[in-house]
Amino acid sequence: MDRRTLEALYTAHGPMVLRRARLLLRDDQAARDALHDVFLRVLRAEREFRAQAAPATWLYRIATNHCLNVLRDERRRVELRARYLRPPSEAGGDADAPIQLAQILRHVRPELQEIAIYHLVDELKHEEIAELLGVSRRTIGNRLEEFRAEVARAFEADPEASHVSTT
Amino acid sequence: MFPRPEDRPSPHLSPLALERIVADEAAGAHRNAARAHLAACERCRARLTELERDGERFVHEIDVQGAVGALLRAVGPAPRPWYRRPSLAATLGGFAACAVLMLWLRGHGATGEPSDVRRKGSLGFEIVRRDLRGHVGAIASGDRVSPGEAIRFRVTAREPGFLAIVGVDAARTVTPYGASLALDGGVPRILDGSIILDDTLGPERIIAVVCDWPIAAETAVALARGGLATANRDPRRIERIAPACRETSVLIEKVQP
């Protein structure tokens, strides 16, 4: 990909990727790092990117999964969990999203985390999630039921989580 | 703890829906529904405006050129594609093809450079015809041609890219004449083989498109059909079919000999 094309793509889609990363990571430097890493992936998977009929939608998902990978990183989880459990006035941004996000990461298996993010944090409708992931709406409903069941089992087994409030 | 998945339908556009609108990716029924909602929802209009302003702030906040430079350094130089690697066989083959074309042109009385080289920006597109009497020469927009005559294409792009050529005739049939053909910058490419003009009389627009990525024949055909639809199904009125690419065309008139 030549420089001019990449600059155009970066300018067109970079704002969305950075917004996504800031929402999910709640750390500006981590979000800028994620911005770089997501576009690095675009460059390394240029053929796949070119094949996308809807590049912004593809990047939305790539950015989400990248941020989930960052949050799953063992070293970062500790500091981010501490940040998420601070009062909303200190944490900044959307107070609800990070609290829900921390619970998701602690208690849900990875394949359900992405769907849970779209449903709980982004409040996407089932058909939107289905279209985004290329699966049926029924599959999304089933996965979300699995997610609820896993969280319910996890909270029964983990009293430490009970002090974190949800909306 | 968490409500049942179905219990939280939002009355507003989702973040994804808004991002699609900003990126102009919302289409069909989704776009119509989003537009209808925006017309009635001040909150979503405000969210959309904020996203658009965020995009404007981005270029002031982020050093885009510096970031892109860092990305390109991180991936390193791209390996030369096979069609750009020098090889004796390819070089000799190229010379041989040019020699054959020149002999064909010279043997049929063609002199000098074709008179009509359509150039749109950095793209040159020549159509050379061999008529029913065997005479060879370049054709320009508006020229008359006849069924049974043969045409060949020569394309020169200032910057490298991938070429596709399609024709849209008076019967509104879209025919791909070439697709995903790699072009080196500044090097003329003569497409292999001649095309024998068929019996469909009337105007035909032949469009050459060069993009930074390969275009499959199906994609080129779809783009041309879109352009034809926009032109009220008149090949003479087709304008750009691929706004993201370099493009030029020649309009010929097919008549009985």
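Letters A, B, ... are given to chains in the order of the sequence lines, protein chains preceding strands, and every chain is numbered from 1. Being a predicted model, the structure only gives us computed values, none of them experimental.
- Checked by atom type, the side-chain pair A/Tyr60/A/Asp122 shows a donor-acceptor distance below 3.5 Å.
- In this structure, no portion of A/Ala12 lies under 4.5 Å from any heavy atom of chain B.
- Residue contact with chain B, scored on non-hydrogen atoms closer than 4.5 Å, is absent for A/Leu9.
- If you measure heavy-atom distances from A/Thr57 to chain B, the contacts under 4.5 Å come from both the backbone and the side chain.
- We find that B/Glu159 and A/Arg4 are not joined by a salt bridge, their nearest charged nitrogen and carboxylate oxygen being 4.0 Å or further apart.
- For A/Glu131, the part lying near chain B is the side chain, with the backbone staying farther off; criterion is any non-hydrogen pair under 4.5 Å.
- Of the two parts of B/Ile62, only the side chain, counted from C-beta on, holds a non-hydrogen atom closer than 4.5 Å to a non-hydrogen atom of chain A.
- Within the structure, every pair that satisfies the salt bridge (charged side-chain N to carboxylate O under 4.0 Å, His left out) test and touches residues 33-51 of chain B, not counting sequence neighbours, is listed here: B/Glu50-B/Arg57.
- If you check the side chains of A/Asn142 and A/Glu146, you find no donor sitting under 3.5 Å from an acceptor.
- In this structure, chain B has no heavy atom under 4.5 Å from any part of A/Ile140.
- Neither the backbone nor the side chain of A/Arg20 has a heavy atom closer than 4.5 Å to any heavy atom of chain B.
- Ionic pairing of A/Arg41 and A/Asp37 is not present here: no N-O contact between side-chain nitrogen and carboxylate oxygen is shorter than 4.0 angstrom.
- Listed by chain and residue number, A/Tyr10 satisfy the ring-ring contact (aromatic ring centres under 6.0 Å, His included) test with A/Phe39 (two or more places apart in sequence, or in another chain).
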